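Notes follow once the structure below has been shown.
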Number of protein chains: 2
Amino acid sequence: MNKIPKTVSRRLSLYQRCLKNLILQGKKNISSKELAEKLGFKSSQVRKDLSYFGAFGKRGVGYDTNYLLKMIERILGVNKSWSVVVIGAGNLGHALINYEILKKNGFYIVGIFDIDPKKIGKKIGELTIINMKDFKEFVKKSKVEIAVIAVPPSSAQQVADTIVESGIKGIVNFSPVIINVPQGIIVEEIDISIPFKNLTFKLTSNGFRGA
Amino acid sequence: MNKIPKTVSRRLSLYQRCLKNLILQGKKNISSKELAEKLGFKSSQVRKDLSYFGAFGKRGVGYDTNYLLKMIERILGVNKSWSVVVIGAGNLGHALINYEILKKNGFYIVGIFDIDPKKIGKKIGELTIINMKDFKEFVKKSKVEIAVIAVPPSSAQQVADTIVESGIKGIVNFSPVIINVPQGIIVEEIDISIPFKNLTFKLTSNGFRGA
DNA sequence: TAGATTGTTAATCGATTAACAATC
DNA sequence: TAGATTGTTAATCGATTAACAATC
């Protein structure tokens, strides 16, 4: 079986996003050419990406938008709901809890944790901030599948260790530090400052050769 | 002059992050091998990346951490401060304003805007939410260089148009929709739901060949 | 059937890595 | 000087794109 380039899953997310919009606009069918143009890709890129997972189109016709969306969501694993907890009830934690787009994609935040006694017990929307001490118990009881690290970098590794001990297999890490986890645990890193730095890199750009 | 791979600037941000931590820990010198290992790269990757911009090391010795950090920050354009405005005073806007890591990297949020009359005039920390009508005036007066789109997808394009009219050249777009801007305007996209989907893709993964 | 567009193979392009001369 | 590590070239690897037979 063909090895799937690491770049594919990000593009699948973009196809999904785009198809959702097109369906809202009433579009029933789309060619790889049209989908590619909307995203600034080549049509062969779109067809190749999809071909790793199956054959979803009709030659001469294109792709049924609803069917293709369904297939892509199945590939991405967002055809089901996921139980998510957030560790760290700071501003980022708050924002994530209220982030509609996660909910719309089936990521349901079912718990929020902190170690700060001043925060524990307070409410954020429907959720009550829980003591980190009770983390493992909660994860077992609520069958949590994904944990989000939204604590300061200094405590990120410690939090990661607790997550791993709890049996959770998937982590989204917002803390700008590399965390070490055992084999079999999947970590996705997201550093909000990186797009800002990419931007200033390009704005400044960039014949810098000072030594 | 050598073309710089598109992947380089992200890694430069990671080198920067790592060097900052190492300096805090008192490390004065580092080899490409050691830096690479910390980030899971090959040492030749590190040396090649740096070589696009100059020769910052000493053969037989390695890199002075302070000096290398300084050079990388100059390359990334974060050796100076940047004036940033946020459009959209929702949860994400709130979180960004209070996000220490942006401040630490020299990204200063100097204004926050919304169109909701209920929000306009309210305070978030030191900032008062300003009417979007006064956006262009504010940008001129405060010499704003970067705008952040933190509004719902439905109004993202309209906001982008206003940003472009204001003369701002750099945009960070948190709204999960592709925005169109004229040549010469730089847009960095960040979709918070993508790492979640990457994660479920891997967790589900993924011999899917259903058709 | 003729026209269109897929799915897939092969060619191209770009990025990473190994290797090594230069040199601290 | 001997040992270490850089900076850079060339080889390898992986991802994108063009091209086209298959087929709706």
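Just so we're on the same page: letters track the sequence lines, and every chain starts at 1. Everything numeric in this text was worked out from a predicted model, so none of it was measured.
Between A:Glu34 atom CD and C:dT5 atom P there is a gap of 9 Å when expressed in whole angstrom units. The CZ-P distance, from A:Arg47 to C:dG7, rounds to 8 Å in whole Å. Atom NZ in B:Lys42 sits about 18 Å away from atom P in C:dA15, given to the nearest Å. Going from atom NZ of A:Lys48 over to atom C1' of C:dT9 covers 8 Å, rounded to whole Å. Here C:dT17 presents its P atom at 12 Å from OH of B:Tyr52, a figure rounded to the nearest Å. Rounding to whole angstrom units, CG of residue A:Asp64 and P of D:dC24 are separated by 16 Å. Between A:Lys3 atom NZ and D:dC13 atom P there is a gap of 12 Å when expressed in whole angstrom units. In this entry the distance linking CG of A:Leu35 with P of C:dT5 reads 14 Å, nearest Å.
Residue B:Tyr63 places at least one side-chain N or O closer than 4.0 Å to OP1 or OP2 of D:dG7. Within the structure, every side-chain polar atom (N or O) of B:Arg11 is placed at least 4.0 Å from both OP1 and OP2 of C:dA15. Put simply, A:Ser44 has no side-chain N or O that comes within less than 4.0 Å of OP1 or OP2 on D:dT16. For A:Ser32 and C:dT5, the shortest distance from a side-chain N or O to OP1 or OP2 is not below 4.0 Å. Residue A:Thr7 has a polar side-chain atom (N or O) positioned under 4.0 Å from OP1 or OP2 of D:dT16.
Of the N and O atoms on the side chains of A:Asn98 and A:Lys103, not one donor lies less than 3.5 Å from an acceptor on the other residue. Side chain to side chain, B:Asn79 and B:Glu73 fail the donor-acceptor criterion of an N or O pair below 3.5 Å.
Counting non-hydrogen atoms under 4.0 angstrom, B:Lys6 reaches the backbone sugars and phosphates but no base. Contacts of A:Phe41 with the nucleic acid, taken as non-hydrogen atoms under 4.0 Å apart, are absent.
For B:Tyr99 and B:Phe107, the gap between ring centers reaches or exceeds 6.0 Å.
A 3.5 Å limit on both hydrogen-bonding distances identifies D:dG3 as the Watson-Crick or G-U partner of C:dC24. Nucleotide C:dT12 forms a Watson-Crick or G-U wobble pair with D:dA15, both donor-acceptor distances falling under 3.5 Å.
Below the 3.5 angstrom threshold, one finds a donor paired with an acceptor across the side chain of A:Arg59 and the base of C:dT6.
Between B:Lys27 and B:Glu34 there is a salt bridge, since a side-chain N of the basic residue sits under 4.0 Å from a carboxylate O of the acidic one.
Nucleotides of DNA chain D nearest to A:Val61 and A:Gln45 differ in position, and the one nearer the 5' end is that of A:Gln45.
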Trace of the ring pair (Phe, Tyr, Trp, His ring centres under 6.0 Å) decision for A:Tyr63 with A:Phe56: CA-CA 7 Å; A:Tyr63 302 87; A:Phe56 308 120; 7.8 Å; no
